[in-house]
Amino acid sequence: MINIILCWGVTKIDTSNTSSNFIHNIIREDLKMNKYGGRVHTRFPPEPNGYLHIGHAKSICLNFGTAEEFGGLCNLRFDDTNPSQEDTEFVEAIKEDIRWLGFSWGDRLYYASDYFDQLYEFAVQLIKKGKAYVCDLTPEQIREYRGTLTQPGKESPYRNRSIEENLDLFERMKNGEFPNGAKVLRAKIDMASPNLNMRDPVIYRIMHEPHHRTGNKWCIYPMYDFAHPLSDAIENITHSICTLEFEDHRPLYDWFIDNLITGDKPKQYEFARLNLTKTVTSKRKLRKLVEKGYVSGWDDPRMPTLAGYRRRGYTPESIRDFCNRIGVAKANSTVDIALLEHCLREDLNAKAPRVMAVLDPVKVVITNYPEGQTEKLEAENNPENPAAGHRQILFSRNLFIEREDFMEDPPKNYFRLSPGKEVRLKHAYIIKCEQVIKDEEGKIVEIHCTYDPDTKSGGPAAGRKVKGTLHWVSEAEAINAEVRLYDYLFLDDEPEASTYCEVELEPDQEEDEDDFLSKLNPNSLKILKNCKVESILRDALPGSKFQFLRQGYFCADLKDHSPQNPVFNRIVGLKDSWAKAKQKK
RNA sequence: UGGGGUAUAGCCAAGCGGUAAGGCAUCGGACUCUGACUCCGACAUUCGGUGGUUCGAAUCCAUCUACCCCAGCCA
């Protein structure tokens with residue numbers, strides 16, 4: 001009986017692996033030239049300061065997928081160079097999400113903090129080469145000295161300290177002799193560079209802050225621009241893939257590599273991050289939704305986090321399929337969320353057992369069906385997968401159908417139940433509506449029908465055609481369930497776009513940052529308490545997924561579902577051409 | 001107005017000098033005991049604009065335009 005819940009279909013083999021994108025083209029070229037001796041080694045480098053979202057999934061699929069496709073390796077490396085932001089909670093969540101997506105880093109789990117000693121040594125080398133110096137300028141002064149987009153910067157008065165002095169000062173920075181912000185170590189490059197990243201960037205800052213992995217060992221921490229390329233080099237990364245905003249950091253990346261690394265040099269390539277319609281993906285904004293309680297947490301089923309999708313009922317296969325389909329390019333773009341949902345439905349259609357659930361029940365009485373009688377009917381579990389087998393459901397005189405499936409005064413193309421009309425009850429009989437019972441307020445409380453015993457599914461007269469087929473649950477077997485209908489958190493296609501016109505922007509416009517909150521969909525969650533569902537759902541395992549016939553895909557909630565209190569989340573609705581046709585009128 | 005990028009259909013996206021892949025969306029139609037699925041069909045005489053090179057240009061050259069990113073001791 002529980003078989004239905006476990007009969008998870010075969011995962012479709014993804015054959016779209018010969019993907020053509022500019023990064024793979026580069027790799028094919030590198031392979032042809034035997035660069036890196038034929039090695040392909042990538043890495044996924046999250047900062048453990050938040051949960052992974054759908055945008056990260058694109059990067060994970062690119063990095064792990066590329067390694068897989070070219071017979072290479074992909075490391076997981078936490079970019080944990082800023083202890084004030086980071087936490088092990090995020091480290092664990094990130095690991096779980098990557099595993100859930102189906103990728104494996106083998107034994108190659110690394111942390112930038114693993115390299116703090118080596119990075120310190122690299123910095124010392126730079127000083128010894130006269131290519132780095134300790135600078136006493138305040139943060140404000142550094143900003144002033146940096147110049148602007150159109151004007152060159154000025155050299156720091158500390159720029160020409162002797163190597164010995166720099167060495168001494170840097171060591172004393174490490175030893176904790178100076179307070180936060182008192183000094184920094186900077187690369188000595190070019191204050192007049194048109195690329196601001198090259199204007200003597202800070203590479204080490206003083207931060208008296210315990211680190212989640214190194215504890216109190218360090219009070220100076222390397223900056224991303226310094227730690228990242230060198231970590232790549234330490235791990236023998238060949239292709240270092242990141243997003244577009246780091247494009248003008250590439251000269252700096254190369255500068256550190258060229259000055260400190262011999263042998264194979266990792267190369268950085270940049271691709272456009274994912275944007276999704278009706279979705280916010282900025283870490284800051286997601287954090288806000290969580291912290292201000294607009295959602296129940298990072299794993300709220302409405303969140304575009306991987307934890308949220310998991311709780312919602314998305315399959316990892318569908319997310320990977322999506323990531324493979326959207327492509328990888330350098331043009332900023334916003335993918336229609338309809339594509340994600342398409343991938344989801346395609347996967348779930350093949351896998352999810354069908355079951356009947358009435359979300360907004362209205363009672364039907366089959367007046368010519370004997371009182372007290374019940375009978376077992378056979379129902380196929382998944383027409384897409386015969387191996388999923390059959391189950392038995394109970395029919396009885398009283399049953400429930402969807403309130404929406406009855407209309408007293410229907411339009412011409414209405415295939416469902418209405419007075420005097422016939423419909424088939426899925427897996428059961430054809431019934432005909434004879435009478436409508438209403439209460440004092442005119443609300444329909446019962447629909448009286450007769451059934452045609454000859455039309456039993458699979459029976460001799462079962463071939464008779466009627467236009468509509470309804471899902472139903474008999475009173476004899478129905479159990480109550482809570483159903484949570486989730487909708488988009490934002491209805492706006494681009495919730496992150498400012499509503500204010502750029503032209504009118506005044507200097508003082510801090511508040512715009514929270515603009516997106518005003519676009520929250522007030523109906524993103526609707527809770528239905530008295531749904532009638534097949535009794536088999538009582539035993540559904542948390543996280544198991546079903547198609548509620550004619551309605552959509554639903555998932556037994558990972559946290560709240562139990563046999564005593566069945567709770568189902570709507571993952572996504574079925575496509576509904578009837579609703580679309582209605583809307584057009 | 002400095003530097004770095006990007007422009008191919010409603011949305012993604014291939015294309016790499018030989019005459020515009022594919023997917024999503026949309027619109028028909030077939031099938032259907034899920035108005036689902038599936039299937040069949042339609043959907044860029046044109047690649048941001050303009051000039052040029054060439055027998056031939058989305059691809060090469062010139063120029064213009066639009067949009068994105070950069071002035072953290074964040075990543």
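Convention: sequence-line order gives letters A, B, ...; per-chain numbering from 1. Values below: every heavy atom of this structure, side chains too, minus hydrogens, waters and symmetry copies.
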- Smallest separation among heavy atoms of A:Gly327 and A:Lys58, with atom names: O-CE, 3.6 Å
- Quantified in whole Å, what is the P atom distance between nucleotide B:rG28 and nucleotide B:rG52? 45 Å
- Task: Going 5' to 3' through nucleotides 70-75 of chain B, assign each nucleotide B (protein heavy atom under 4.0 Å from a base atom), S (under 4.0 Å only from sugar-phosphate atoms) or - (no protein heavy atom that close).
- Result: BBSBSB
- Note on the structure: Its dot-bracket string being built from Watson-Crick and G-U pairs below 3.5 Å, with | for another strand and [ ] for crossing, RNA chain B has the pattern .(((((((.[[[..)..(...]]].(((((.......))))).....[[[[[..)....]]]]])))))).....
- Task: Using a 4.0 Å heavy-atom cut-off, write out nucleotides 21-27 of chain B from 5' to 3' as B (base contacted by protein), S (sugar-phosphate only) or - (no contact).
- Result: --SSSSS
- Note on the structure: Atom CD1 of A:Ile337 and atom C1' of B:rC12 are separated, to the nearest Å, by 14 Å
- Query: What integer number of Å spans the C1' atoms of B:rU34 and B:rG22?
  - Reply: 29 Å
- Is the count of non-hydrogen atoms from other residues, nucleotides or ligands lying under 6.0 Å from A:Lys188 atom NZ greater than 12? yes
- Determine whether the aromatic ring centres of A:Phe395 and A:Tyr429 lie less than 6.0 Å apart. yes
- Item | Aromatic centroids of A:Phe554 and A:Phe568 separated by under 6.0 Å | no
- Query: Rounded to whole angstroms, how far apart are CG on A:Leu244 and C1' on B:rG3?
  - Reply: 15 Å
- Query: Looking only at heavy atoms, which two atoms of A:Val466 and A:Val423 are closest? And how far apart?
  - Reply: CG2-C, 4.0 Å
- Rounded to whole Å, the CZ-P distance (A:Arg250 to B:rG5) equals 6 Å
- For B:rG4 versus B:rG41, give the span between their P atoms, rounded off to a whole number of Å. 49 Å
- Message: If you compare every side-chain N and O of A:Thr277 against the phosphate oxygens of B:rC11 (OP1, OP2), does one of them come in below 4.0 Å?
- Response: no
- What is the nucleic acid contact for A:Arg416, judged by heavy atoms within less than 4.0 Å: base, sugar-phosphate only, or nothing? base
- Message: Using atom P in both nucleotides, what's the gap between B:rC16 and B:rG10 to the nearest angstrom?
- Response: 24 Å
- Message: If I pick the P atom on B:rC39 and the same atom on B:rG15, what distance separates them, to the nearest angstrom?
- Response: 26 Å
- Item | Residues A:Arg424 and A:Thr455: side-chain donor-acceptor under 3.5 angstrom | no
- Message: If you apply the rule side chain to side chain donor-acceptor pair (under 3.5 Å), what do you find for A:His390 with A:Asn381, and how did you get there?
- Response: CA-CA 5 Å; A:His390 295 259; A:Asn381 288 331; over 6 Å; no
- Gap in Å between the two C1' atoms, one belonging to B:rA42 and one to B:rA36, rounded: 23 Å
- Sidechain N-carboxylate O distance under 4.0 Å for A:Asp493, A:Lys278: yes
- Does the gap between the ring centers of A:His342 and A:Phe322 come in under 6.0 Å? no
- Query: Expressed in whole Å, how much space separates the P atoms belonging to B:rG23 and B:rC40?
  - Reply: 11 Å
- Task: Measure up the A:His211 and A:Tyr221 rings against each other and bin them: parallel (under 30°), tilted (30 to 60°), perpendicular (over 60°).
- Result: parallel
- Message: At 4.0 Å (heavy atoms only), tell me whether A:Lys426 reaches a base, stays on the sugar-phosphate, or touches nothing.
- Response: base
- Query: Can you tell me if CD on A:Glu494 sees more than 12 non-hydrogen neighbours from other groups inside 6.0 Å?
  - Reply: no
- Atom-to-atom span, CG of A:Asn349 to C1' of B:rG35 - whole angstrom: 15 Å
- Item | A:Leu574 side-chain proximity, nearest of B:rU34, B:rU1, B:rG4 | B:rU34
- Query: Side-chain N or O of A:Ser577 less than 4.0 angstrom from OP1 or OP2 on B:rA36?
  - Reply: yes
- Please state how far atom CG in A:Asp493 lies from atom C1' in B:rC12, giving the value in whole angstrom units. 14 Å
- State whether the distance check finds a donor on one side and an acceptor on the other, under 3.5 Å, for side chain A:Gln547 versus base B:rU34. yes
- Task: Output the single nucleotide from B:rC12, B:rA14, B:rU34 whose closest atom is nearest the side chain of A:Thr334.
- Result: B:rC12
- Task: Round to the nearest Å and state the distance from A:His427 atom NE2 to B:rA36 atom P.
- Result: 17 Å
- Message: A:Tyr204 and ring pair (Phe, Tyr, Trp, His ring centres under 6.0 Å): which single residue from A:Phe170, A:Phe178, A:Trp218 fits?
- Response: A:Phe170
- Note on the structure: From CG of A:Leu62 across to C1' of B:rC12 the rounded distance in Å is 15 Å
- Message: Among B:rU34, B:rG35, B:rA14, which nucleotide has an atom closest to any side-chain atom of A:Arg354?
- Response: B:rU34
- Which residue, A:Glu247 or A:Phe22, contacts RNA chain B at a nucleotide closer to its 5' end, judged by nearest heavy atom? A:Glu247
- Message: Taking ring pair (Phe, Tyr, Trp, His ring centres under 6.0 Å) as the criterion, tell me which of A:Phe256, A:Phe116, A:Trp255 meets it with A:Phe226.
- Response: A:Phe256
- What integer distance in Å separates A:Ile401:CD1 from B:rG35:P? 13 Å
- Just call it for A:Gly458: base, sugar-phosphate, or nothing, with non-hydrogen atoms closer than 4.0 Å on any strand. base
- Task: Could you classify B:rG72 for me, syn or anti, using a glycosidic angle within 90° of 0 as syn?
- Result: syn
- On RNA chain B, check which nucleotide each of A:Thr469 and A:Val328 is closest to and give me the residue with the more 5' one. A:Val328
- Euclidean distance for P, B:rA75 against B:rC12 (whole angstrom): 31 Å
- Message: Testing the 3.5 Å rule here: is there a donor-acceptor pair between the side chains of A:Asn382 and A:Glu384?
- Response: no
